[in-house]
S.K.: 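Input: one structure, supplied below.
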Amino acid sequence: MKLALIGPKFSGKTTVFNALTGANVELSDFSGAGREHSREVAVPDPRLERLARDWKPKKVTPARVEFLDLPAYGGSEKFFGDARQQEALVRVVRAFGGDAVPHPKDRIDWRADLEDLETDFVLQDLAMVERRVEKLQQTTKRGPSYKAYKDEVAELETLLRVKPALEDGVPLKRTLNPEEQEKLSGFRFLTLKPTLTLVNIGDEDDPAAFDLPPVPEQLDDVDDVILAIRGRLEAELAQLDDEDRAVFLADFGLSEPLRERVIRLSYALLGQQSFLTGGPKEVRAWTVRRGATAVEAARVIHSDIARGFIRAEVVSWSDYVACGSWKAAKEAKKMRLEGKDYVMQDGDVVEFRHGA
Ligand SMILES: Nc1nc2c(ncn2[C@@H]2O[C@H](COP(=O)(O)OP(=O)(O)O)[C@@H](O)[C@H]2O)c(=O)[nH]1
Ligand SMILES: [Mg+2]
């Protein structure tokens, strides 16, 4: 799973990158658009510790999320192309005050910054739609004499339907249904990407004062979440060891570090979940799409395991906890043998039987 930080110059992207990854990348010197950085972080998952107690493995391997700190939006044309390649975007906008940090537009107005970003994304997507519409109008003129004709007509219809909405500034997320989104996924439209927005507030600011919509309880169908965060404090927090961290969190009334919150939200926004494998060599968490089947989960581990798939031995997480170990779960007949089409559940403990 990969998430890219984007936003205007000096909004605190690199600060947030440090907060999320524990890195100590140098902050902006207010000259250029900043450099690109990337780093992988372990996904915190208490279930791994639980499994490790059972297996006492040589190695415990958490799932990983990669964060990418992209050069500032507005800094280069290359930006839109880079953003298009990302699975999900984390937008960072500035709400912290102070004259020490310049604002590229001489204003501190995060809502306006978000609107600018959104407008540019809509325009980029519109340009892409226009190019494609032109092309399809040319090719479909030939009539139903070629194989792709029907598909192209359908695609053209969808694109012509969303074009006026884009012209009105409406992101594609709001006009395409999930099926259409899937069909048009090849375009990598910017306004279709799952997005987490971080409003970067000052150290002394109260997040509640920003009047943001609450994060929904059920995130299954959500592709947009907005949070107020104190980026600089979070970056300091990320440099502390466990003990100091707990004190710091309490002092600033934070329930958890930003990293944990962002990772959790990212799983939800991207429709991902974890499954677990255990053994004397390694206990490990893996990431797979929600709704993925057993054979798709096997493929995450290795394509050979998917190819030679025979059965998946599965213990659901609640059964695992209730029984206390893989062995005990087997004895209690809580281990199920599942076929290729079994739909994986979050926290499933799995062993794949395969002929690879
Ligand atoms: N007061 C305050 N300053 C911040 C915060 N986040 C970033 N800054 C400052 O803003 C400047 C630009 O930050 P940086 O992370 O390099 O911004 P970027 O250009 O978006 O990567 C630095 O001097 C930071 O110390 C914040 O949450 N509060
Ligand atoms: Mg930067």
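Counting starts at 1 for both ligands and their atoms, in listed order. Just so you know, these numbers use all the heavy atoms, side chains as well, and skip hydrogens, waters and symmetry mates.
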S.K.: Give the residue and atom name of whichever protein heavy atom lies nearest to atom 23 (O) of ligand 1, and the separation in Å to one decimal.
M.R.: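 Answer, as residue, atom name and distance: F30 CZ, 3.7 Å.
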S.K.: Has T15 got an N/O/S atom less than 2.8 Å from the Mg ion (ligand 2)?
M.R.: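 So T15 does not count as coordinating the Mg ion (ligand 2).
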S.K.: Which residue supplies the protein heavy atom nearest to atom 17 (O) of ligand 1, what is that atom called, and how far is it?
M.R.: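 Here the closest protein heavy atom is G12 N, 3.2 Å.
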S.K.: Only heavy atoms count here, so choose which of L198, V25, I6, T15 is nearest to atom 14 (P) of ligand 1.
M.R.: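 Ranked by closest heavy atom to atom 14 (P) of ligand 1, first place is T15.
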S.K.: When you measure from atom 16 (O) of ligand 1 to every protein heavy atom, which one gives the shortest distance, and what is it?
M.R.: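 Nearest neighbour among protein heavy atoms for atom 16 (O) of ligand 1, to 0.1 Å: S28 N, 2.7 Å.
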S.K.: Report the part of T14 (side chain from C-beta onward, or backbone N, CA, C, O) that has a heavy atom under 4.0 Å from ligand 1; answer both or neither where that applies.
M.R.: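 It is both parts that get close, each with some atom under 4.0 Å.
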S.K.: Tell me whether F17 reaches ligand 1 (any heavy atom closer than 4.0 angstrom to a ligand atom).
M.R.: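 No, F17 has no heavy atom closer than 4.0 Å to ligand 1.
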S.K.: Do R264 and Y267 form a cation-pi contact, if we require the NZ or CZ to be under 6.0 Å from the six-membered ring centre and within 45 degrees of the ring's axis?
M.R.: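 Relative to the ring axis of Y267, which defines the angle, R264 lies outside at least one limit.
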S.K.: Look at D116 together with R107 and state whether they make a salt bridge at an N to O cut-off of under 4.0 Å.
M.R.: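 The answer is yes: the pair qualifies as a salt bridge.
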S.K.: If we ignore hydrogens and angles and just use 3.5 Å, is the side chain of K163 paired with the main-chain N or O of E130 as donor and acceptor?
M.R.: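 Judged by distance alone, no pair lies under 3.5 Å.
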S.K.: What protein heavy atom sits nearest atom 24 (C) of ligand 1, and how far off is it?
M.R.: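 Going by distance alone, atom 24 (C) of ligand 1 is nearest to L27 CD1, 3.7 Å.
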S.K.: For the CZ atom of R84 and the CZ atom of F121, what is their distance to the nearest 0.5 Å?
M.R.: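 Separation between the atoms: 8.5 Å.
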S.K.: Among E87, R290, R289, exactly one meets side-chain contact (heavy atoms from CB on, under 4.5 Å) together with L270. Which residue is that?
M.R.: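 By the side-chain contact (heavy atoms from CB on, under 4.5 Å) criterion, L270 pairs with just one of E87, R290, R289: E87.
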S.K.: Please report which non-hydrogen protein atom sits nearest to atom 28 (N) of ligand 1, along with the residue it belongs to and the distance in Å to one decimal place.
M.R.: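 Minimum-distance protein heavy atom for atom 28 (N) of ligand 1 reads F96 CG, 3.6 Å.
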S.K.: Considering only protein heavy atoms, which is closest to atom 27 (O) of ligand 1, and at what distance to one decimal place?
M.R.: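 Answer for atom 27 (O) of ligand 1: N200 OD1, 2.8 Å.
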S.K.: When you measure from the centre of the six-membered ring of W286, is the NZ or CZ of R284 closer than 6.0 Å and no more than 45° off the axis?
M.R.: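 Here R284 passes the 6.0 Å and 45° test against W286.
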S.K.: Could you tell me which atoms of ligand 1, counted from 1 in the order shown, lie closer than 4.0 angstrom to a heavy atom of V101?
M.R.: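 It comes down to these atoms of ligand 1: 9 (C), 10 (O), 11 (C), 23 (O).
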S.K.: Between F30 and F10, is a ring-ring contact (aromatic ring centres under 6.0 Å, His included) present by the stated rule, with each step listed?
M.R.: CA-CA 7 Å; F30 311 130; F10 322 142; 5.0 Å; yes
S.K.: Under the criterion salt bridge (charged side-chain N to carboxylate O under 4.0 Å, His left out), I'd like the reasoning laid out for K173 against D224: C-alpha separation, chi angles, the key distance, then a yes or no.
M.R.: CA-CA 10 Å; K173 262 182 216 177; D224 246 320; 3.3 Å; yes
S.K.: Hey, are E296 and K340 close enough for a salt bridge, meaning a charged N less than 4.0 Å from a carboxylate O?
M.R.: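 The answer is no: the pair does not qualify as a salt bridge.
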S.K.: When you compare ligand 1 with K9, is there at least one nitrogen or oxygen pair between them that comes in under 3.5 angstrom?
M.R.: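 No; the residue has no nitrogen or oxygen that sits under 3.5 Å from a nitrogen or oxygen of the ligand.
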S.K.: Name the orientation class of the two ring planes belonging to F80 and Y73 (parallel below 30°, tilted from 30 to 60°, perpendicular beyond 60°).
M.R.: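 Because their plane-to-plane angle is over 60°, the rings of F80 and Y73 count as perpendicular.
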S.K.: List every atom of ligand 1 that sits less than 4.0 Å from any heavy atom of G231, numbering the atoms from 1 in the order shown and giving each element.
M.R.: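 Ligand 1 atoms under the 4.0 Å threshold to G231: 27 (O).
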S.K.: With the threshold set at under 4.0 angstrom, would you say I201 reaches ligand 1 through any of its heavy atoms?
M.R.: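 The answer is yes: ligand 1 sits under 4.0 Å from a heavy atom of I201.
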S.K.: To check your reading of the model: name the closest protein heavy atom to atom 19 (O) of ligand 1, its residue, and the distance in Å.
M.R.: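 The closest one turns out to be F10 N, 2.9 Å.
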S.K.: Report yes or no: does a heavy atom of G34 sit under 4.0 Å from some atom of ligand 1?
M.R.: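 No, G34 has no heavy atom closer than 4.0 Å to ligand 1.
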